[in-house]
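Heads up, the thing below is written out as structure tokens.
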Number of protein chains: 2
Amino acid sequence: MDNSIRVKFDKIDRKILEILQANAKITNAQLSKDIGLSPAPTLERVKKLEQSGIIKSYHAKLDPEKIGLGVSTFVLVSLIGHNKGNIDAFMKEINQIEEVIECHHITGTGDFILKIIAKDITAYQKLMLEKVSEIKEVDSMQSMVILSTFKDSKVLPIPA
Amino acid sequence: MDNSIRVKFDKIDRKILEILQANAKITNAQLSKDIGLSPAPTLERVKKLEQSGIIKSYHAKLDPEKIGLGVSTFVLVSLIGHNKGNIDAFMKEINQIEEVIECHHITGTGDFILKIIAKDITAYQKLMLEKVSEIKEVDSMQSMVILSTFKDSKVLPIPA
DNA sequence: ATTTTGCGCCACATAATATTTTGAAATTTC
DNA sequence: GAAATTTCAAAATATTATGTGGCGCAAAAT
């Protein structure tokens, strides 16, 4: 809960962050060459970025198709009530469903947008009917099936 | 372009994939303990998963707030024409904009959904007016500002 | 202007870790 | 049921990360 703490970092740190976002498996030696520093201070900077929470974690990115996940969707969800109790209850239920890989509270028409991933349309339908729709706080839902993904960058643009 | 190639993997591989999605920085020794194998075959399995393309890449996840990115949005975009030429032209323009970190072609009302990240509302507005709106294939847009993100799992549910 | 202080850097030494090799055991195939 | 293939473990080796000491530069103080 230590939100919006703006930790400071310089041009070199920014470069490190760009590189590690694109490729977390780079060796420290190579990273140090790319940023023009020797290995020791390079590693020290990376550690500081980790400790300060700027770097939160490291993840392997898989190919959904190759592990048998053929259907991805975004779902706009409206709740029946917009009070904190309902929202908390909804969140709690959503957290239990592993196929829901993202859940954002948004402005606009709906209240939430979910990203869901499933094996196929049949599995998706079953998931929606038996799990998501069953959450009693849910009023309406609107699904958008992803036909194809043109861009899925893991590199955030770091402001100057 | 070698889509939908279903590579096969067993229960141990699945466990490896789950672990590496959640934590790519685990040492091979620790990974081998977690899955109950010795280091050598463990590493061999990881390499095969990488070579087969099941594991596509590794990325550092940053804290957007701490690098000064305070505004994230989803944007529904409709194009003026739905032919391939227009879509290609749109994609090309979108790829140039680094603040657009995701772009998916979807079914339903709109044609595309984008995920955009910016420093603040002012920067977001400027970005939308000067870059995204300027793309001539764009007909209409509808923004959904993310108030908060409750779930952002990097772990895909791997079907049995 | 000179000293002082502190930070960030490099180079080298050492520790940790990954990777290769070898061979044995289990499983599959014919 | 034997040969071939695959999968594994243990140990040796190579690579990489990490800790230490000292140097140099920049900013602050005198």
Side-chain angles (χ1 to χ4, degrees), chain A residues 2 5-63 65-68 154-156 158-160, chain B residues 2 4-63 66-68 154-156 158-160:
Chain A
D2 61 324
I5 295 175
R6 182 67 170 283
V7 192
K8 62 168 176 284
F9 47 88
D10 62 14
K11 196 169 291 185
I12 297 176
D13 291 317
R14 187 172 299 118
K15 208 166 180 181
I16 290 176
L17 292 172
E18 280 166 10
I19 293 171
L20 290 182
Q21 283 187 92
N23 173 25
K25 270 298 172 69
I26 190 173
T27 65
N28 186 58
Q30 185 59 48
L31 178 62
S32 69
K33 278 181 196 165
D34 290 356
I35 63 172
L37 241 54
S38 73
T42 301
L43 188 67
E44 200 179 335
R45 279 169 178 268
V46 173
K47 292 292 174 209
K48 273 184 190 166
L49 291 168
E50 289 170 356
Q51 280 160 16
S52 69
I54 293 181
I55 297 177
K56 293 176 82 167
S57 45
Y58 297 90
H59 306 273
K61 178 180 175 184
L62 308 189
D63 184 330
E65 304 259 353
K66 290 193 175 156
I67 56 175
K154 301 302 177 193
V155 183
L156 305 179
I158 305 173
Chain B
D2 60 324
S4 74
I5 296 176
R6 182 66 170 284
V7 191
K8 62 168 175 285
F9 49 89
D10 62 16
K11 196 169 291 186
I12 297 176
D13 291 318
R14 186 172 299 117
K15 208 166 180 180
I16 290 176
L17 292 173
E18 279 166 10
I19 293 171
L20 290 181
Q21 282 187 94
N23 173 24
K25 269 297 171 70
I26 189 173
T27 66
N28 187 58
Q30 185 59 48
L31 179 61
S32 70
K33 278 180 196 165
D34 291 357
I35 64 171
L37 241 54
S38 72
T42 301
L43 188 67
E44 201 179 336
R45 280 169 179 268
V46 173
K47 292 290 173 210
K48 273 184 189 165
L49 291 168
E50 289 171 357
Q51 282 160 15
S52 69
I54 292 181
I55 297 176
K56 292 176 82 168
S57 45
Y58 296 91
H59 306 273
K61 179 182 173 182
L62 308 189
D63 184 330
K66 291 193 174 153
I67 55 176
K154 300 302 177 193
V155 182
L156 305 179
I158 305 173

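Every heavy atom of this structure was used, including side-chain atoms; hydrogens, water molecules and symmetry mates were not.
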Inset, instruction - Have a look at B:A29 and say if it touches a base, only the backbone sugar-phosphate, or nothing, with a 4.0 Å heavy-atom cut-off. - result: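 Here B:A29 touches the backbone only, sparing every base.
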
Legend entry - Sugar-phosphate only, base, or nothing, as touched by B:T27 at under 4.0 Å among non-hydrogen atoms: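 Sugar-phosphate, backbone atoms only, no base.
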
Using whole Å, what does the distance between atom [atom2] of nucleotide [N] and atom [atom1] of [X] come to?
X     : N      : atom1 : atom2 : value
A:K48 : D:dG19 : NZ    : P     : 14 Å
B:K25 : C:dA16 : NZ    : C1'   : 15 Å
A:L43 : C:dA13 : CG    : C1'   : 16 Å
A:K33 : C:dA11 : NZ    : P     : 13 Å
B:L37 : C:dA18 : CG    : C1'   : 16 Å
B:E44 : D:dT5  : CD    : P     : 16 Å
B:L31 : D:dC8  : CG    : P     : 13 Å
B:I12 : D:dA9  : CD1   : P     : 9 Å

Legend entry - Phosphate-side-chain proximity, A:K47 and D:dT18, N/O vs OP1/OP2 below 4.0 Å: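 Yes.
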
Legend entry - Contact under 4.0 Å: B:R45 side-chain N or O vs D:dT7 OP1/OP2: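 Checking D:dT7 against B:R45, no side-chain N or O comes under 4.0 Å of OP1 or OP2.
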
Inset, instruction - Evaluate the criterion side-chain contact (heavy atoms from CB on, under 4.5 Å) for residue pair A:L156 and A:Q21; output intermediate values, then yes/no. - result: CA-CA 8 Å; A:L156 305 179; A:Q21 283 187 92; 3.4 Å; yes

Legend entry - Donor-acceptor contact below 3.5 Å, side chain A:K66 vs main chain B:S52: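 Checked: pair present.
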
Legend entry - Options C:dC10, D:dA9, C:dA18, nucleotide nearest the side-chain atoms of B:N28: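 Out of C:dC10, D:dA9, C:dA18, the nucleotide with an atom closest to B:N28's side chain is C:dA18.
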
Inset, instruction - Ignoring the backbone of A:A40, work out which of D:dG19, D:dA10, C:dT19 is nearest its side chain. - result: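 Shortest atom-to-atom distance from the side chain points to D:dG19.
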
Legend entry - Rounded distance [0.5 Å steps], CD1 in A:I12 versus CG in A:D10: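 Separation between the atoms: 5.0 Å.
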
Inset, instruction - Any chance you could measure A:I16, atom CD1, to A:I54, atom CD1, to the nearest 0.5 Å? - result: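 Going from CD1 on A:I16 over to CD1 on A:I54, the span is 10.5 Å.
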
Legend entry - Residue B:K25 excluded, over 12 heavy atoms near NZ under 6.0 Å: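 Buried by this count: over 12 neighbours within 6.0 Å.
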
